[in-house]
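Below: the structure, in structure tokens.
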Amino acid sequence: MRWRRQGRRFGVALLFVVVGGGLWEFQERQEVASAVWMGAPTWDDFHLTTFHRVLRNDGFIVGWSDVRINPLWVSYRLQAVAEDTRIGPRPNFQADWRTLWPVGTDSYAGSGYDRGHMAPNYAIAAVHGRNAQLDTFLMSNMSPQRPNLNRQLWQRLEQSVMDHFAPRFDYLQVITGPIFPERFMDNVMNRVGLVEVPEAFYKIIVAPHESAPLAIAFIMPQDVRGNEPLEDYLVTIDEIEARTGLNFFPRLSPELEAVLEGELDTRGWALEEVSRRPGRFQ
DNA sequence: TTTGATGT
């Protein structure tokens, strides 16, 4: 009698966990899908190197790889802010316990690589606030970048996104992340601490519009001087998909996808106005 | 009036 009652209690508890857990998982997926225009990046076939899990932060989400020990993609939305917007002081870097691997704030020290933000400090702070800014300093938002890239060419791109592109549209959907050599084994030992070193970085910027969304995308390699024109690094989204194995904007119709991801079209962005603008830090 | 970091 006693055992039977306990068994029933256990059954109810198990049912609660299964149904509740399933609901939670469903809601989580819905929420992540709705946080990214046309759906979070995914991959078509199973590969060790494209497998990732999603970390949700204030103001941006991260597709984290426990194999590369890198964010494979970071997604966020931006809109123009008032010119006199001030952000909080630059926070300290922080370890992120969710990564499981111990990526400490000192793990890039002496390596010759910067702790390069994927979701950028300034833009996220200006648009999404102080707590979001603190989250951009999590080590799960970092990837090793050469100083000339991080402090110059990449900085110029990020500044152009926020100051030049965002005011031209209602809002922007940005997805950014690292690119690794084609063969995993060729680069598997190329690490700072546990973190695999990428050969390049991509950034996709979309101005969502009902019928005619616009997109530009870039791939920038580690070994730049820093003062090159941004336009030298323009690519199609298809090229980024080929190099990363990811599928961006999976909910796009095939017709729209063919145009938006396959064609290199910079009309509407006035890229030439910022392409050669000098960096803030020399 | 700094939106990027490192190392001392």
Side-chain angles (χ1 to χ4, degrees), chain A residues 57-60 70-71 74-96 103-169 171-178 191-193 195 197-198 200-203 205 218 220-230 233 269 271 273-282:
Chain A
N57 292 323
D58 213 343
F60 65 103
N70 264 265
V74 166
S75 172
Y76 51 95
R77 292 188 185 192
L78 297 179
Q79 65 216 47
V81 296
E83 266 188 35
D84 59 354
T85 299
R86 291 285 176 272
I87 64 166
R90 194 176 169 87
N92 291 322
F93 291 89
Q94 296 176 73
D96 186 345
V103 183
T105 56
D106 59 350
S107 58
Y108 293 28
S111 68
Y113 289 94
D114 281 359
R115 295 174 286 191
H117 282 70
M118 295 295 99
N121 168 36
Y122 173 77
I124 294 289
V127 175
H128 297 282
R130 179 64 177 171
N131 285 337
Q133 180 183 20
L134 295 176
D135 283 352
T136 69
F137 279 78
L138 289 167
M139 291 305 291
S140 55
N141 185 44
M142 304 302 154
S143 191
Q145 282 184 323
R146 286 288 186 203
N148 282 6
L149 175 62
N150 185 39
R151 304 174 193 188
Q152 297 191 59
L153 189 65
W154 196 254
Q155 190 279 330
R156 289 166 52 214
L157 177 58
E158 287 181 338
Q159 180 161 351
S160 298
V161 170
M162 189 56 190
D163 294 352
H164 183 69
F165 299 147
R168 303 178 69 83
F169 304 100
Y171 76 97
L172 301 176
Q173 171 69 62
V174 184
I175 304 184
T176 197
R191 294 185 183 240
V192 291
V195 179
V197 178
F201 294 85
Y202 67 88
K203 192 180 290 287
I205 306 144
F218 300 85
M220 295 179 169
Q222 292 274 23
D223 61 349
V224 294
R225 293 188 312 277
N227 58 357
E228 297 89 342
L230 300 179
Y233 300 95
W269 298 93
L271 178 60
E273 291 178 22
V274 289
S275 185
R276 292 165 191 277
R277 195 171 283 178
R280 185 175 286 277
F281 313 101
Q282 301 289 347

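Heavy atoms only: backbone and side chains are in, while hydrogens, waters and symmetry mates are out. Only a predicted model underlies this, so the values are computations on that prediction, with no experimental measurement involved. Every chain is numbered from 1, with letters handed out A, B, ... down the list of sequences.
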If you look at every strand shown and take non-hydrogen atoms under 4.0 Å, does A/G279 touch a base, only sugar-phosphate, or nothing?
->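 A/G279: no heavy atom of the nucleic acid under 4.0 Å.
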Give one of base, sugar-phosphate or nothing for A/Q159, where a contact means two heavy atoms less than 4.0 Å apart.
->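 Base contact.
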Can a donor-acceptor pair under 3.5 Å be found between the side-chain atoms of A/R115 and the base atoms of B/dT6?
->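 By the distance-only test, no, there is no pair.
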Indicate, yes or no, whether a donor-acceptor pair under 3.5 Å links the base of B/dT1 to the side chain of A/D84.
->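 Counting by modelled atom types and ignoring angles, no donor-acceptor contact under 3.5 Å is found here.
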What is the distance, to the nearest angstrom, from the [atom1] atom on [X] to the [atom2] atom on [N]?
X: A/Y76; N: B/dT3; atom1: OH; atom2: C1'; result: 12 Å
X: A/D114; N: B/dG7; atom1: CG; atom2: P; result: 9 Å
X: A/F281; N: B/dT2; atom1: CZ; atom2: P; result: 10 Å
X: A/R277; N: B/dG4; atom1: CZ; atom2: C1'; result: 18 Å

Is the backbone of [Y] close enough, under 3.5 Å, to the side chain of [X] for a donor and an acceptor to pair up by distance?
X: A/D96; Y: A/L138; answer: no
X: A/R156; Y: A/E228; answer: yes
X: A/Q79; Y: A/A166; answer: no

If each of A/G112 and A/E158 is mapped to the nucleotide of DNA chain B with the nearest heavy atom, which maps nearer the 5' terminus, i.e. the 5' end?
->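 Closest to the 5' end, via its nearest nucleotide, is A/E158.
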5' priority, DNA chain B, between A/I87 and A/Y113 [closest heavy atom] =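 Mapping each residue to its closest nucleotide by heavy atoms, the 5'-most match is A/I87.
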With A/D163, which residues qualify under salt bridge (Lys or Arg N to Asp or Glu O under 4.0 Å), at least two apart?
->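 In terms of salt bridge (Lys or Arg N to Asp or Glu O under 4.0 Å), with neighbours along the sequence ignored, A/D163 is linked to no residue.
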Contact residues, residues 123-157 of chain A to DNA chain B [heavy atom, < 4.0 Å] |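 Of all residues in residues 123-157 of chain A, the ones placing a heavy atom under 4.0 Å from DNA chain B are A/N150, A/R151, A/Q155.
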Can you tell me how far CG of A/N150 sits from CE of A/M220, rounded to the nearest 0.5 angstrom?
->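 A/M220 atom CE to A/N150 atom CG measures 12.0 Å (nearest 0.5 Å).
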A/R86 has a side chain; which of B/dT6, B/dT2, B/dT1 sits nearest to it?
->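 Within the option list, the nearest is B/dT1.
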Measure from the side chain of A/D163, starting at C-beta and using heavy atoms only, and say which of B/dT3, B/dG4, B/dT6 lies closest.
->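 So the nucleotide nearest the side chain must be B/dT3.
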Return the set of residues passing side-chain contact (heavy atoms from CB on, under 4.5 Å) with A/S107 (not counting sequence neighbours), or none when no residue passes.
->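 So A/S107 forms a side-chain contact (heavy atoms from CB on, under 4.5 Å) with A/V103, A/M139.
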Have A/R146 and A/N148 got a donor and an acceptor in their side chains that come within less than 3.5 Å?
->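 Checked: A/R146/A/N148 side chains show no N/O donor-acceptor pair below 3.5 Å.
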